[in-house]
2 protein chains.
Amino acid sequence: MKLQKSSLVDIVMDRIKAYISENKMQPGDKFLTEKELTEKLNVSRTVVREAIISLQSVGILTIKPGGGMYIANAQVEGIRNILTHHFETYGLKVKELLEIRKILELGALRLIIENNIDVDADRLTKLNKKYEAGIYTDTDMKTVDADFHRQLIKEANNEAFFNLSTIINQYFSLTNIDLTTDEQGLLASAKEHQNIIEALINKDLVTAQDTMTTHFKPIFMWINQEGRND
Amino acid sequence: MKLQKSSLVDIVMDRIKAYISENKMQPGDKFLTEKELTEKLNVSRTVVREAIISLQSVGILTIKPGGGMYIANAQVEGIRNILTHHFETYGLKVKELLEIRKILELGALRLIIENNIDVDADRLTKLNKKYEAGIYTDTDMKTVDADFHRQLIKEANNEAFFNLSTIINQYFSLTNIDLTTDEQGLLASAKEHQNIIEALINKDLVTAQDTMTTHFKPIFMWINQEGRND
DNA sequence: GGTTATAATATTGTCAGACCAATTTTATAT
DNA sequence: ATATAAAATTGGTCTGACAATATTATAACC
């Protein structure tokens with residue numbers, strides 16, 4: 001365990017974070033000004049600025065030029081930026097990510113059923129109808145499909161889980177997976193969507209997960225077939 | 001969608017990230033110096049410094065005072081810091097996190113079996129033996145248990161998944177869940193560990209997942225019983 | 001020649017002051 | 001009371017300086 005002497009900037013960052021915690025500041029709240037921070041912390045404006053800009057880049061503060069600083073409300077954004085860079089630099093194994101997505105979606109189904117949650121079947125069905133209709137019109141199928149799955153995960157009623165899935169999906173959207181399936185494949189997907197809804201209504205975990213597994217199968221085949229590893 | 005005018009610092013951050021990507025720099029590689037960056041990008045040292053310190057805080061660069069800058073190797077650290085702050089400020093629903101952990105571990109089991117992976121049973125058994133031995137000695141059971149589960153997830157052979165789980169577990173370790181179970185409960189856990197190993201060897205997904213579900217049951221009960229929601 | 005101690009250099013850390021740009025607040029006029 | 005203009009506040013960028021630390025070059029020694 002290496003504990004190198006912390007720089008002033010690090011100390012100031014910690015103190016600012018502590019201040020936010022201690023005062024229970026909420027997203028959107030107005031924060032102190034640079035001047036107030038320099039006086040309160042007894043450091044130069046340079047140090048304060050390097051600290052607050054770092055805090056902005058990790059999604060803790062929002063800086064409005066001329067208008068002060070505020071507690072940021074999008075905690076997800078900072079993480080997304082990190083993942084995005086990591087993806088662009090080191091590449092990303094699409095298969096690994098796809099496996100994670102599958103795990104999360106299967107997990108959502110399990111949560112819903114094990115916690116005996118009554119899903120909003122109407123809403124899910126409506127989203128799937130949109131998906132169906134999109135097959136015959138000029139629609140971005142990727143988006144309507146994502147909407148359905150997003151709602152599915154939301155039904156699990158676990159905010160942290162939902163946020164995690166959101167990040168993964170955004171990360172996933174960076175990869176250029178081309179899912180231009182034929183009409184038949186898309187219709188099959190729509191049917192699978194509907195079957196999943198019904199399985200959830202019937203609290204039938206096995207059927208729900210099996211159907212979801214089937215739903216994922218084509219894209220896994222696509223990946224394996226062309227030997228895409230990154 | 002608000003796209004505010006990017007500050008110079010943001011631009012410089014992007015250009016630095018792009019430089020890292022384009023040159024395919026790897027963790028540990030020596031990066032440019034502040035001086036080189038100011039000359040190459042034609043901005044003041046102030047801007048460069050605010051940019052690189054931000055990049056350090058998100059875990060992309062490592063700055064060694066007096067010794068230059070390097071490509072960071074701990075991609076997880078930046079995310080962990082964000083989550084830690086989020087936890088300290090907004091609290092965290094233990095139950096939600098626990099559900100995520102369960103989902104991930106069940107997912108690991110599925111990955112191992114569906115991908116027909118032969119787990120390193122010896123290694124897992126050895127870790128579990130350590131767990132067993134720890135019951136009767138002065139050992140931090142939390143750590144030895146974590147070691148076992150960590151290895152389990154590693155066996156799934158999905159690096160992105162492993163990293164994700166690591167983050168969740170570190171986040172999880174922030175909560176003070178006290179699992180001081182009695183000797184009988186710990187012995188049962190050890191037995192469950194062993195049963196999971198055997199189920200993996202036999203490629204029996206249902207048994208593996210059922211056992212894991214049982215393994216999680218006590219802690220879920222502990223949470224529900226005392227009505228802990230945060 | 002190789003090793004070690006020392007000095008010189010390079011690099012990051014912090015500070016101070018200045019000026020610009022954007023925003024907010026205050027004063028003024030209608 | 002409202003609209004406009006002026007002033008003050010606040011963040012954005014630049015320059016120059018010096019300190020602290022790490023690296024490199026040099027000198028001395030065996």
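First the proteins, then the strands, lettered A, B, ... as listed; each starts at 1.
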K.L.:
Under 4.5 Å between any side-chain heavy atoms of B:R150 and B:K154, yes or no?
P.N.:
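A side-chain contact under 4.5 Å is absent here.
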K.L.:
What is the distance, to the nearest angstrom, from the CD atom on B:E39 to the C1' atom on C:dT11?
P.N.:
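So the CD-C1' distance, B:E39 to C:dT11, works out to 13 Å.
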K.L.:
Whole angstrom is fine here: how far is it from OH in A:Y70 over to C1' in C:dA22?
P.N.:
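Result: 13 Å.
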K.L.:
Taking CG from A:D10 and P from C:dT12, how many angstroms apart are they, rounded to a whole number?
P.N.:
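That distance rounds to 16 Å.
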K.L.:
Show the atom names and distances, to 0.1 Å, of all donor-acceptor pairs under 3.5 Å that link a side chain in residues 22-29 of chain B to residues at least two apart or in another chain.
P.N.:
residue: B:Q26; atom: NE2; partner: B:K24; partner atom: O; Å: 3.4
residue: B:D29; atom: OD2; partner: B:Q26; partner atom: N; Å: 2.8

K.L.:
For a quick check, with a 4.0 angstrom heavy-atom cut-off, what is the B/S/- contact string for nucleotides 11-17 of chain D, read 5' to 3'?
P.N.:
BBBBB-B
K.L.:
Taking B:E96 for the side chain and A:F161 for the main chain, is one N or O donor matched with an acceptor at less than 3.5 Å?
P.N.:
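Looks like no, no N/O pair under 3.5 Å.
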K.L.:
For B:R110, is there an ion pair with B:E114 - N to carboxylate O distance below 4.0 angstrom?
P.N.:
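The answer is yes: the pair qualifies as a salt bridge.
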K.L.:
Does any pair with a residue in residues 27-61 of chain B pass ring pair (Phe, Tyr, Trp, His ring centres under 6.0 Å), and if so which ones, sequence neighbours excluded?
P.N.:
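Checked against ring pair (Phe, Tyr, Trp, His ring centres under 6.0 Å) - neighbours excluded - the pairs reaching residues 27-61 of chain B are B:Y19-B:F31.
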